[in-house]
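These notes concern the structure reproduced below.
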Amino acid sequence: MVNITFPDGNVRQYEEGVSGLDIAKSLSNSLAKKVLSVKVNNEVWDANRTIMTDATVQLLTWRDTEGKTTFWHSSAHLLAEALQALYPGVKFTIGPAIDNGFYYDIDLGEGRTIRTEDFPKIEKKMLELARQKNTFDRSDISKADALAHYEQLGNEYKTELISGLEDGDITFYKQGGFTDLCKGPHIPHTGLVKAVKLTNVAGAYWRGDEKRNQLTRVYGISFPKASELEEYNRLVEEAKKRDHRKLGAQLKLFAFSEKVGAGLPLWLPKGTKLRQILQDFLMEEQRKQGYEMVMTPHIGKQDLYITSGHFAKYGEDSFQPIQTPKKGEVYLLKPMNCPHHCEIFKTSLWSYRELPKRLAEFGTVYRYEQSGELNGLLRVRGFTQDDAHIFCMPDQLLEEFKKVIDLVMLVFTRLGFGEFTAQISLRDQEDRSKYIGSDENWEKAEQAIIQAAEDKGLKTVIEYGEAAFYGPKLDFMVKDALNRSWQLGTIQVDYNLPERFELEYVGADNQKHRPVMIHRAPFGSMERFISVLIENTAGNFPLWLAPDQAVVLPISEKFIPYANEINERLKQHNYRSTVDIRNEKIGRKIRDASVQKVPYQLVVGEKEVTNQEVAVRRHGEGDRGSVAVDALLEMMAAEM
RNA sequence: GCCGGUGUAGCUCAGUUGGCCAGAGCAGCUGAUUUGUAAUCAGCGGGUCGGCGGUUCGAAUCCGUCCACCGGCUCCA
């Protein structure tokens, strides 16, 4: 007998060799039908794998993230089985579960492709195979046999994978007519997969290396119930409506023009308003915290970026040098503001008493992003950073860094980004050739960030290889409508640029010392921040950010003078308000104001003129009834 | 940059296997209507069918190439 401990602390005895599925059956038959996999001593196992010792056991179903992962991973095998049937000779590589579904990377061989038109027949095949209720059978296999198996199939990808595995640690899984190198676990049988949707097909490099073969990646998602697929489809439709590219056009915030160039956004009046409000908000906070605004030009001599190291690192892949009429004179579009700010620091000799020096600029920079990377306002070639560089003494670093964390948190809280990931981006552990500066400085910088994040009680994840070439970063990641993660705020510690620019201050000892730099941008870039803001709010901005806060809607021409009066009152109180004087019915004016997502829609007609009131309609809510203008002003003030 | 897809009026889209002057709705303009909580009615104007080159008696439709956009991959100072 073995003692099985459940998550609630209960302990029950079972025969040795009991499986998760057996345990589920002993509890309830309906539960047994839902079990996807089982967590045994904190390791996820097949539900039918035998348990030989005392263990803590948690049965995993569709409700558990790990249960979903098992389900989707098994679905990837099902996809592979279908592809094997439909595309003979296809070579399989890897097919993992992801956050929202699964994919399989395959090599179809020369000249063959999969298109979205092919999806229905693949989905049909998958469901057909699923209905066979095939079990996933696990088998241990020796390294030699595993290699022989795939050599015979001519699958160099699998043999490469196997070469990296330990003998005795290799397992195959077989369901129906498909066998795959796989460590598992899998769901009890394919019949649990009731609904399948292939979502897209894309190229993906083998092992993520662009120098190696490009494989075909087929993405999909699957569900244990058809109704869940419908729900998923509905959510995808909803997400499309939040897309900042669509809303940006609809709300007349920004635009792109082929004639101006790819990735070069044009800010329309309303988008500019929104952006200015955000800038004003941050500038005010920064003023309170001792930042000083500076301004620098959009270009600088090539030499500036040779000093900073940017030219050596990115010169080839950037906008190319700008020539002048003078021979040999070369300028570059600025890719970063920091070199300019270093030169500002060098305009005087600073006393330690004057540090930290916090220089801030909404600086527009230009980077030649790869064409395939451009994406609405999320990834552009000309963008404005809410940049600042803090020059401080080494013993001020930690305190300053923590202050910046507070500022980023203030920004995120005020803008409603409750969900974010704080990521500590460190050097690549193997390849250090990508970075400038000494190991010693990197160590100090990385430790400072880890310490500051810990002191602030931030929950962080560490990502190696994500650092900037001159220093490590603390990045704040937020997701867009399509669940993709983007870096917004960033704080970086830099010992290297002060050295390269030979920055100095005079210490209490009357000696010259080298300051440390903090690069920081709470928004990151105005463009990206605003795109994520649009998607998070679905364009329903809080009142203080809305480009148009109110629109007065006269019932007919007769009431335009009164509407103008109301509009003037609002303007006197610094609200952004307009009057819709078009010769249209009130229903139409309300509709158009709603499409533009104007928060306060103020209807005025005979009754309102008589009572000296306005009929308030709050977008997203509806009719609030008529109130006096003073009451309206109070209502709006309370919302600011 | 790579893989796959898309590109018709300001916007959303129709346009059969290549075949008369390329269509609709919305938006715009003009006029009528003077309106009470998500689209009033009528008339009018508007398109080098993404660009360039080719095949053909004939190309929005077929081929090539470039550009832009979409989803991934790689990259992201």
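Letters A, B, ... are given to chains in the order of the sequence lines, protein chains preceding strands, and every chain is numbered from 1.
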Tell me what [X] touches on the nucleic acid: a base, only sugar-phosphate, or nothing, going by heavy atoms under 4.0 Å.
X	answer
A/A202	base
A/G587	sugar-phosphate
A/K434	nothing
A/I555	base
A/Y103	nothing
A/K607	base
A/S594	base
A/E606	base
A/K313	nothing
A/E584	base
A/G625	nothing
A/I114	nothing
A/E608	base
A/R367	base

Is [X] salt-bridged to [Y], cutoff N-O under 4.0 Å?
X	Y	value
A/R207	A/E160	yes
A/E156	A/K91	yes
A/R582	A/D592	yes

Separation of the [atom1] atoms in [N] and [M], to the nearest angstrom:
N	M	atom1	answer
B/C63	B/G4	P	15 Å
B/C20	B/A59	P	11 Å
B/C69	B/U8	C1'	15 Å
B/G46	B/C29	C1'	10 Å
B/G53	B/U12	P	28 Å
B/U61	B/U48	P	16 Å
B/A27	B/A9	C1'	11 Å
B/G64	B/U56	C1'	16 Å

At less than 4.0 Å, is any side-chain N or O atom of [X] found next to OP1 or OP2 of [N]? Yes or no.
X	N	result
A/R217	B/G71	no
A/N213	B/C3	no
A/R588	B/A27	yes
A/R484	B/G72	yes

What is the distance, to the nearest angstrom, from the [atom1] atom on [X] to the [atom2] atom on [N]?
X	N	atom1	atom2	answer
A/Y368	B/C75	OH	P	18 Å
A/R379	B/C70	CZ	C1'	16 Å
A/K589	B/A27	NZ	P	15 Å
A/R212	B/C75	CZ	P	14 Å
A/R207	B/C75	CZ	P	15 Å
A/E316	B/G1	CD	P	15 Å
A/L198	B/G71	CG	C1'	14 Å
A/K241	B/U12	NZ	C1'	15 Å

Parallel, tilted or perpendicular, as decided by the 30° and 60° cut-offs, for the rings of A/F391 and A/H389: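 Geometry flag for A/F391 against A/H389: tilted rings.
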
How about [X] and [Y]: are their ring centres within less than 6.0 Å of each other?
X	Y	value
A/F529	A/F523	yes
A/Y435	A/Y470	no
A/H310	A/F469	yes

Under 3.5 Å: donor-acceptor pair, side chain of A/K589, backbone of A/I581: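 Side chain of A/K589 to backbone of A/I581, a donor-acceptor pair under 3.5 Å: no, none is there.
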
Under 3.5 Å donor-acceptor, A/E608 side chain and A/G605 backbone: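 At least one qualifying donor-acceptor pair exists.
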
Closest-nucleotide ordering on RNA chain B, the 5'-leading residue of A/G372 and A/G622: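 Per heavy-atom nearest nucleotide, the more 5' residue is A/G372.
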
Most 5' of A/V616 and A/F256 on RNA chain B, judged by nearest nucleotide: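 It is A/V616, whose closest nucleotide lies nearer the 5' terminus.
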
Flag side-chain contact, heavy atom, 4.5 Å: A/I299 against A/K334: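 The answer is no, as the side chains (C-beta and beyond) never meet within the 4.5 Å cut-off.
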
Can you give me the N/O atom pairs linking the protein to nucleotides 9-11 of chain B at distances under 3.5 Å, or say none if there are none?
none

Check against ring-ring contact (aromatic ring centres under 6.0 Å, His included), A/F223 and A/Y232: CA-CA 9 Å; A/F223 301 92; A/Y232 168 81; 5.7 Å; yes

Intra- and interstrand pairs of RNA chain B - dot-bracket, Watson-Crick/G-U under 3.5 Å, | marks other strand: (((((((..((((.....[...)))).(((((.......))))).....(((((..]....))))))))))))....

Distance-only donor-acceptor test, A/Y219 side-chain atoms vs B/G4 base atoms, 3.5 Å: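 No such pair is found, so the answer is no.
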
Result of checking A/Q487, A/H519, A/E463 against A/K473 for side-chain hydrogen bond (donor to acceptor under 3.5 Å, both in side chains):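 Of all the options given, the one that passes is A/Q487.
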
Derivation and outcome, side chain to side chain donor-acceptor pair (under 3.5 Å), residues A/Y368 and A/Q320: CA-CA 9 Å; A/Y368 192 79; A/Q320 290 306 292; over 6 Å; no

